[in-house]
Amino acid sequence: MSGPQRGRRYLAVDFWRGIALLTIFVDHVPGNVFERLTQRNFGFSDATEIFVLLAGTAAAFAYMPRFANGEALGGAFRILQRAFQIYMAHIVLVVCCAAILTSAVTMTGDVRFLEAIHLDVLVDNTVPALVGLTTLTMQPDYLNILPLYIVVLAMAPALIWLTLNHPLRGLLASGGLYVATQFLWLNLPTYPLPGTWFFNPFAWQLLFTIGLVIGQSMKQGRTLPTNPILLGLAGAYLLAALLWVQTGFYFTRDFSPVPHFIWAFDKTNLSLPRLLHALALVYVVSRLPMEKWLADNRFTAPFIFLGRHSLPVFCVGTVLALTFQMFRAIVGASLPIDTLLIGAGLLAQFAVAGVLEWHRIGTSRKPAIA
Amino acid sequence: MASHRNEPKARHRLTAALAVILTALCGTPVLAGSITMSDRCRVPDTYLRFATALERTGWRIGHRSPVRIYILGPLSSTARFETELERRLPGINVEVTGGQQAGLADDDFEMLRTAVARLQPDLVIWQVGVRDALASSDVEDFENVLDEANTWLEHRGVDLILMDPPFVPHIRHERIYTPYVGEIGLVSRTEGVPVLRRYAAMQYWSIQREKLRAPPLDTRATQPCVNELLAEAISRAASR
């Protein structure tokens with residue numbers, strides 16, 4: 001990602017975050033016809049990987065300068081403040097989604113809606129569920145990305161400190177935790193339902209750290225050189241993944257004693273094929289002259305606004321996606337309904353981002369925080 | 001993978017759908033002779049019989065070895081299920097762990113693969129169908145995933161029980177669930193995969209209540225009965 005001068009906000013980072021948010025929204029209405037067009041149909045990784053990696057990049061822009069200026073404590077405080085803001089957003093989001101689901105259940109009598117999203121525990125076991133909600137250990141489906149983000153942000157001060165002047169040290173420490181997680185099956189527990197987190201923060205922190213290193217390099221005006229061999233390998237890997245996914249090929253063999261994470265496609269623990277796919281994609285896309293194109297093309301501005309206001313856009317998208325899931329189940333799924341719902345959802349998110357951007361420009365010249 | 005079955009599939013599918021409707025209209029009158037099923041949970045014997053034996057689970061029980069069970073799906077009562085099973089298999093140490101569903105059957109299969117690598121269970125119980133019904137997934141794709149998962153687990157010598165969606169009476173959009181219930185039944189018949197016919201059993205309880213002019217079936221209150229049903233069916237299959 002090359003092009004802009006130092007100190008400027010990178011349009012490409014916001015743009016791709018915006019695209020990732022829209023993709024997450026479309027994927028969160030499973031079965032809709034437009035779901036076939038999203039990233040996960042063309043390779044091993046999906047929008048979550050891109051979102052987490054770019055969250056690391058944005059965190060490097062927003063917080064690393066403080067750490068670099070010797071204000072590590074202030075920087076850490078800002079990060080934790082942001083983590084708390086996301087925590088509050090998560091609580092509100094779960095409550096809103098629970099209200100939507102319970103309304104749908106009341107209207108139709110179909111209690112399977114609650115079970116499908118794992119919110120039945122809130123109705124059946126309210127007190128433990130509230131404990132689970134506040135401790136982030138109750139993880140209803142589609143509402144498990146923000147807990148990952150919160151925990152990774154809580155780890156961010158340490159990751160930034162490790163990465164700041166020694167990117168390799170940061171990557172080694174983060175990679176070490178990733179590998180240990182894969183071998184020791186480390187993860188956080190869920191409560192009150194038994195199990196572990198769907199997005200394992202100990203594994204996903206690696207992608208965030210890689211994002212930090214990328215962001216730090218961009219901030220310092222350093223870019224990855226175009227290496228023809230690396231580019232060829234990345235392109236070949238993306239092509240192989242595309243063919244693999246399109247043919248619906250599954251492994252029916254056990255590659256033990258080769259560790260599971262090397263050959264599986266496990267999203268929970270961010271297995272290697274998924275991680276490499278996301279990195280290959282980022283490397284190939286970063287070769288494109290995105291900054292110039294985005295700066296010259298004002299029609300891309302709405303996508304940039306989405307990425308700039310990622311938290312409210314994500315929350316709105318999640319609430320709408322869940323509402324639309326219920327709507328499709330009750331009314332029936334068809335191409336016109338999918339077009340109407342997905343179109344309305346995308347427009348609503350553009351509108352939210354547009355209003356927030358208009359408000360931001362009107363009240364402050366400061367860039368939005370990551 | 002199952003191209004040789006393509007021709008009779010449509011007929012199977014039609015039969016499966018008819019079976020779902022017929023079960024709703026007339027429950028089989030022969031009740032299970034088991035004394036361990038509580039009165040309110042009794043069902044026709046056919047609902048307690050799996051298409052095939054649970055080889056590994058049966059072998060472990062026969063050798064009085066601990067049995068590890070992994071349940072994928074709604075997990076609100078895994079502890080009660082464990083108790084029910086241990087009551088039927090005295091002296092056998094049963095360890096039940098669970099994981100939340102990842103999404104559609106396809107995503108769940110990926111989750112199963114990781115869970116099997118991590119926990120190495122003897123038996124996997126997969127509650128499947130509700131999410132795909134809500135999403136109106138392609139029924140053919142749904143069946144293919146179940147086939148693939150069955151083959152994959154078979155290669156590892158892990159037993160699999162599919163559990164079809166729960167039944168809720170008087171739901172206007174009930175039609176969204178029946179194709180998936182039928183498809184799970186079809187996989188059971190063509191591939192010999194054990195299926196706990198929860199949908200049919202709950203329909204049976206619902207009809208019994210209607211006959212007695214009792215209030216309609218409260219689906220959420222039937223979970224203890226589903227636990228009994230599952231435990232009873234496993235203990236019978238394992239002792240074959």
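By convention in this document, chain letters (A, B, ...) are assigned in the order of the sequence lines, proteins followed by strands, and residues within each chain are numbered from 1. Computed from a prediction, not measured in an experiment: that's the story for all the values here. The basis for the numbers below is simple: all heavy atoms, side chains too, and nothing from hydrogens, waters or symmetry mates.
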Please determine if Lys267(A) and Glu49(A) form a salt bridge, counting it only when a charged side-chain N lies under 4.0 Å from a carboxylate O.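 Judged by the 4.0 Å cut-off on N to carboxylate O distance, Lys267(A) and Glu49(A) do not form a salt bridge.
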Can we say Asp141(A) and Arg131(B) salt-bridge, meaning some charged N sits less than 4.0 Å from an Asp/Glu carboxylate O?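 Salt bridge flag = yes for Arg131(B) with Asp141(A).
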Any donor-acceptor N/O pair, Gln246(A) side chain to Asn41(A) backbone, under 3.5 Å: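 Flag set: sc Gln246(A) to bb Asn41(A) pair under 3.5 Å.
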Return a table of donor-acceptor pairs under 3.5 angstrom between the side chains of residues 94-105 of chain A and protein atoms on other chains or two or more places apart.
from	atom 1	to	atom 2	distance (Å)
Thr102(A)	OG1	Ala98(A)	O	2.7
Thr102(A)	OG1	Ala99(A)	O	3.2
Ser103(A)	OG	Ala99(A)	O	2.7

I'd like to verify something: which residue of [options] has the highest number of heavy-atom pairs under 4.5 Å with chain A?
| options | value |
| --- | --- |
| Ala115(B), Ser136(B), Ala117(B) | Ala117(B) |
| Val130(B), Leu134(B), Asp132(B) | Leu134(B) |
| Ala133(B), Pro165(B), Pro166(B), Ser137(B) | Pro166(B) |
| Asp141(B), Ile171(B), Leu153(B), Thr114(B) | Thr114(B) |

So, His260(A) versus Asp266(A): side-chain donor-acceptor pair below 3.5 Å or not?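 No, Asp266(A) and His260(A) have no side-chain donor paired with an acceptor closer than 3.5 Å.
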Does the ring center of Phe265(A) lie less than 6.0 Å from the ring center of Trp244(A)?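 Here the rings of Trp244(A) and Phe265(A) have centres that are less than 6.0 Å from each other.
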Contacting region of Phe167(B) [heavy-atom separation from chain A under 4.5 Å]: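 Just its backbone gets close to chain A.
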Can you tell which part of Arg172(B) gets under 4.5 Å to a heavy atom of chain A, answering side chain, backbone, both or neither?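 Nothing of Arg172(B), per the 4.5 Å heavy-atom cut-off to chain A.
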Residue part contacting chain B, namely of [X], when any heavy atom lies under 4.5 Å:
| X | value |
| --- | --- |
| Ser271(A) | neither |
| Val331(A) | backbone |
| Asn269(A) | side chain |

If you measure from CG on Asp338(A) to CZ on Phe324(A), what distance do you get to the nearest 0.5 Å? 11.0 Å
